[in-house]
Each structure stands twice: as structure tokens, then as C-alpha cells.
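Below is the structure I would like to discuss, written out as C-alpha cells.
Please read all numbers here as calculations on a predicted model, not as lab measurements. Naming: A, B, ... by sequence-line order, numbering from 1 per chain.
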Amino acid sequence: MRKQYTPLQLPHTDILPEIVEPLLTWYRGQSTLRCLPWREEVTPYHTWISEIMLQQTRASAVIPYYTRFLEVLPDIASLARCDDELLMKLWQGLGYYSRARNLKKAACQIVEDFGGQMPADFAALLALPGIGRYTASAIGSIAFGLPLPAVDGNILRVTMRVLQCGEDIAQLSVRRAVEDALAPHYPSGEDAGALNQAFMDLGATVCLPHGAPHCALCPLGRLCLAYAAGSAEQLPIKVKKSKRRIEQKTVLVLRQGRALALMKRPEKGLLAGLWELPNLPGHLTEEELRSWLAARGLHALTITRLPDVRHIFSHVEWQMQGWEVELSAPEAVVAEDDSPLVWASPEELADTYSIPSAFQYFLHQKS
DNA sequence: TATACGTGGAG
DNA sequence: TCTCCAAGTAT
């Protein structure tokens, strides 16, 4: 009789205990190679903020955000009581904005449940909003020395190559199998975080994706089965995702003197709670735009067509046509879906309102 | 398990 | 231009 659900078993896992020492040795020898601000003063709070920002985001993009964030919100208490608009402003342009909202939620929980101290416990960390298995393990190992493998894209890639494993790394079951295979070999204390960061640095600088690993420089070269077999460039296997849908929009740059019209996006979904330029589904003709304005009692002094803009998200593509409209007089305006327009000065635009990158093309263009 | 959720850099 | 993808999580 055969089991219907066999747990995923990785091949050649007997190699794994042998990679720990070479990785740690290599990492210690690389200390000047990757000077990153979150490695300067390691505290649970610093590690937490950096790990959240680094989710699906390159270190080079994170650095300025991380520095600014800690200047304004230097500790858990200040994060827990910070203004929501300020929080989103600190995150503007970084993407995945629910990360910021979850950060504040979690800070409040930490204040309430743990007296304002990050819990030094995997399950407790995992229970906080925005913290999944990877981040709980990263914080646990780096900040608290817990022996937890933090399985991210780097560890997955390195491991699949070392073991010459062709499983689909997009599958959660593979992530779990890697965790289970690595966990018994993890050290405690300082080496725990060092080992995770060694994996990540190796993945970021040597064991590179898209078929360009620098195997000759790799401390795991002697052990790596994919290198021995010449298959490192073909691994790991990742099954592609479905194609993105396309949405057409007409975006309005409405000006009354120095003021610019903004609308608040819904609290759920794409770019939740951020501010946007007024926009309509579909591509409107100038005639349709004029009647749309007229129906709202808006009198246009000038109407100017702006260059087309395409903005690509991971799962949606916006094809935007822009119009700049100068309006004659201040009026109480209600947009199509009854969301009120807000009139922002250039100063408020810069300092107060969080506007996603998708609209920045229209804001920066000269008229 | 599959999908929603941003952005910018690289090849 | 196009695809991939980078220190993932929530649902």
C-alpha cells in the first residue's frame, strides 16, 4: 500500500551539515563586502524593520527608507503611536503598503501584550501581523540567536543548486522541506543569524539567479552537486505565474491655481488608502472629458493632453491617458464615485500626501 | 493551492 | 520592449 500524500523529500540532504562551516567562514571573511545600515546596530526593532522592508525588495532600494524611518520612528513605542498619514509617507514609493500598516498593528500588539519588547520566540513572532515564517526566523536568529533557518529566495536557490534538486521553488511545500532539512544543522547564538545572512549574501553576490552564478568564487563549490554536474545555471526551477490583466484609465491633473485635486483610494485592495489623481476607467475622448467636467459644474480654462503612461504592477498593467485641466474657480467638487476631491498645495503634495509611483509620471511632468 | 499585493533594476 | 525577479505575507 502506498501513502497518498508523501511528504516532499529533498535529495542528497546528507550534504547539508557540511555546508555550515564553509558558509560561516566565508561570511566572516566577507565582513567589509556588504556594509548595510541594519548590520551596524543590531536590535530586535532594527532587525524587524529591515526584514519587513527587505521583503521582495532589493537592499539598495531599502537603505534610504530604512535610515529615514528610524530617524522619525526610532523605537517600537513611537511606531505604535505614530500618525497613519506620516507612516504611509515614510513608505511612499517602497511598495507593498500593507507592510507598513501591519508594522504599526504589530507594534501596538507588542506594546499591549509584551510590554513593548519584541518577543524572543518563534511562535509569538509568527503571530504578529506581517510576520511570516521567513521573517519570524530572520528576527529570531539575527536578534535573538535562535537556531531557525530563514528560508527566502536566496536560501532556496543555494539549496536547490547544492542538492541539484529540480523541485518547483514556487511551491510552499518545497520551502517547508528546505526548512525541515536545514533546521537540525542550525547553530544557536551569534552563528544562527550569521548563517542566515551568509546564505543571503552568497545568494546576492555569488550564487546569482538568471543563470549567472559565480561558481569559481563559491565557498560551496567543492560540495555543490549542480556545479559538479554543470547544471547550476538551470536551477532552481520556478514555474511561471499567469499573465497580468490590462486596465485602461484616464487620469486627470486638475488644477485650480496652485492647488491640485487628489482622491483617497479605498481602504482595501491595490494601493489601499493611498492618495491618487482623479481617474476614470477607459480612455475618454476630449468630448467625453468635457461633458464629464460639465456634468460636475467644472469650467475648464484649458485642457491639455499629456503623454501616455504605462505602469506595470506584478499582476495588473495600467494603460493611462492623462489630461491636464486648468479650472476657473474653486468649487466643492464630487468625483464620479462620490469620493470628495481634496485640493493640495505643492507643499502638501510633497510633505503630507502619500502618492504611489504609478501617478508620479503625471506629477513630475512640466506643463 | 492560487492569487493579490509595488517597485525598480538587470539582462 | 519584455521577462524575470529581490531578505514574503495574507487570504
Closer to the 5' end of DNA chain C via nearest nucleotide, is it A:Leu128 or A:Ile312?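 Upstream on the strand: A:Ile312.
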Surrounding CZ of A:Arg68 (heavy atoms of other residues, nucleotides or ligands, distance under 6.0 Å), is the total greater than 12?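 No, CZ of A:Arg68 has 12 or fewer neighbouring heavy atoms, counting only those of other groups under 6.0 Å.
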Atom NZ of A:Lys240 and atom P of B:dA2: how far apart are they, to the nearest Å?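 Spelled out: NZ on A:Lys240 to P on B:dA2 is 15 Å.
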Using a heavy-atom cut-off of 4.0 Å across all strands, would you classify A:Arg310 as base, sugar-phosphate, or nothing?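 If one applies the 4.0 Å heavy-atom cut-off, A:Arg310 turns out to touch the sugar-phosphate alone, with no base involved.
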Interatomic distance where NE2 belongs to A:His315 and P belongs to B:dT3 [whole Å]: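 About 12 Å, once rounded to whole Å.
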Within the side chain of A:Glu348, is there an N or O that forms a donor-acceptor pair under 3.5 Å with the backbone of A:Tyr353?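 No: the side chain of A:Glu348 does not pair with the backbone of A:Tyr353.
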Flag the pair A:Arg258 and A:Glu347 as a salt bridge only when some basic side-chain nitrogen lies within less than 4.0 angstrom of an acidic carboxylate oxygen.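 Looking at A:Glu347 together with A:Arg258, the answer is yes, because their closest N to O distance falls below 4.0 Å.
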Check the distance between C:dG8's P and A:Leu125's CG and give it to me in whole angstrom.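 Atom CG in A:Leu125 sits about 17 Å away from atom P in C:dG8.
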Atom CG of A:Asn196 to atom P of C:dG8: distance rounded to whole Å?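 So the two atoms are 12 Å apart, to the nearest Å.
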How do A:Pro129 and A:Trp38 order along DNA chain C: which one's closest nucleotide is nearer the 5' end?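 The residue whose closest nucleotide sits nearer the 5' end is A:Trp38.
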Among B:dG8, C:dG8, B:dC5, which nucleotide has an atom closest to any side-chain atom of A:Gln56?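 Closest nucleotide among those given: C:dG8.
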Does A:Arg245 put a side-chain nitrogen or oxygen below 4.0 Å from OP1 or OP2 of B:dT3?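 It does not, given that no N or O in the side chain of A:Arg245 lies less than 4.0 Å from OP1 or OP2 of B:dT3.
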Heavy atom of residues 132-141 of chain A under 4.0 Å from DNA chain C: which residues?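 Within residues 132-141 of chain A, the residues near DNA chain C are A:Gly132, A:Arg133, A:Tyr134, A:Thr135.
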Between B:dT7 atom C1' and A:Gln360 atom CD, what is the distance in whole Å?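 These atoms are roughly 12 Å apart.
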Distance criterion of 3.5 Å, no angle test: do you see the side chain of A:Ser60 paired donor-to-acceptor with the base of B:dG8?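 No such pair is found, so the answer is no.
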According to a strict under-4.0 Å criterion, is A:His311 in side-chain N/O contact with OP1 or OP2 of B:dG6?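 Checking B:dG6 against A:His311, no side-chain N or O comes under 4.0 Å of OP1 or OP2.
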Answer with base, sugar-phosphate or nothing: what part of the nucleic acid does A:Gly203 contact at a heavy-atom distance below 4.0 Å?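 Touches nothing.
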A:Leu271 has an atom CG; how far is it from atom C1' of B:dT7, in whole Å?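 Those two atoms, CG and C1', are 11 Å apart.
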Out of the candidates A:Thr43, A:Leu125, A:Leu79, only one should pair with A:Trp48 under the side-chain contact (heavy atoms from CB on, under 4.5 Å) rule; please name it.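 Passing option: A:Leu79.
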Check this one for me: any side-chain N or O of A:Ser357 less than 4.0 Å away from OP1 or OP2 of B:dG8?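 Yes, because at least one side-chain N or O of A:Ser357 sits under 4.0 Å from OP1 or OP2 of B:dG8.
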What's the spacing between A:Leu103 CG and A:Leu87 CG if we round to 0.5 Å?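 Going from the CG atom of A:Leu103 to the CG atom of A:Leu87 covers 7.0 Å.
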Just by distance, no angles: are the side chains of A:Trp275 and A:Glu85 close enough, under 3.5 Å, to form a donor-acceptor pair?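 There is such a pair between these side chains.
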Can you tell me if A:Arg157 touches the phosphate of C:dA6, counting only side-chain N or O atoms and a distance under 4.0 Å to OP1 or OP2?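 For C:dA6, OP1/OP2 do have a side-chain N/O of A:Arg157 under 4.0 Å.
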Look at all strands and tell whether A:Trp318 reaches a base, only sugar-phosphate, or nothing, counting heavy atoms closer than 4.0 Å.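 The answer is nothing, as A:Trp318 stays clear of every strand by at least 4.0 Å.
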A:Glu167 CD to A:Ile237 CD1 distance, which is reported to the nearest 0.5 Å: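 With rounding to 0.5 Å, CD (A:Glu167) is 10.0 Å from CD1 (A:Ile237).
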Show your working on side-chain hydrogen bond (donor to acceptor under 3.5 Å, both in side chains) between A:Gln55 and A:Tyr134 and close with a plain yes or no. CA-CA 9 Å; A:Gln55 288 169 5; A:Tyr134 162 78; over 6 Å; no
d(CH2, A:Trp48; P, C:dT9) in whole Å: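 Computing the A:Trp48:CH2 to C:dT9:P distance gives 14 Å.
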Can you tell me which nucleotide in C:dA6, C:dT3, B:dC5 comes closest to the side chain of A:Ser314?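 From the listed options, B:dC5 comes nearest.
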Please state whether the phosphate of C:dG8, meaning OP1 or OP2, lies under 4.0 angstrom from any side-chain nitrogen or oxygen of A:Gln55.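 For C:dG8, OP1/OP2 do not have a side-chain N/O of A:Gln55 under 4.0 Å.
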Using atom P in both nucleotides, what's the gap between B:dG8 and C:dT9 to the nearest angstrom?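 Each nucleotide's P atom is 22 Å from the other's.
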Under 4.0 Å between any heavy atoms, over every strand shown, what does A:Ile131 touch: base, sugar-phosphate, or nothing? Just pick one.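 The answer is sugar-phosphate, as A:Ile131 gets under 4.0 Å only of primed atoms, P, OP1 or OP2.
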5' precedence on DNA chain B between A:Ser173 and A:Ala61 (nearest-nucleotide basis):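 Looking at the nearest nucleotide for each, A:Ser173 comes out on the 5' side.
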Could you label the plane-to-plane angle of the A:Phe199 and A:Tyr186 rings as parallel, tilted or perpendicular, counting under 30° as parallel and over 60° as perpendicular?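 Judged by the thresholds at 30° and 60°, the geometry between A:Phe199 and A:Tyr186 is parallel.
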Considering only atom C1', compute the distance from C:dA6 to B:dC5 and round it to an integer number of Å.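 Comparing C1' positions in C:dA6 and B:dC5 gives a spacing of 15 Å.
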Within the structure shown, what part of the strands sits under 4.0 Å from A:Tyr97 by heavy-atom distance: base, sugar-phosphate, or nothing?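 Answer is sugar-phosphate: A:Tyr97 comes under 4.0 Å of backbone atoms only.
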Round to a whole Å and report the spacing from OH of A:Tyr96 to C1' of B:dG8.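 Checked: the OH to C1' distance equals 12 Å.
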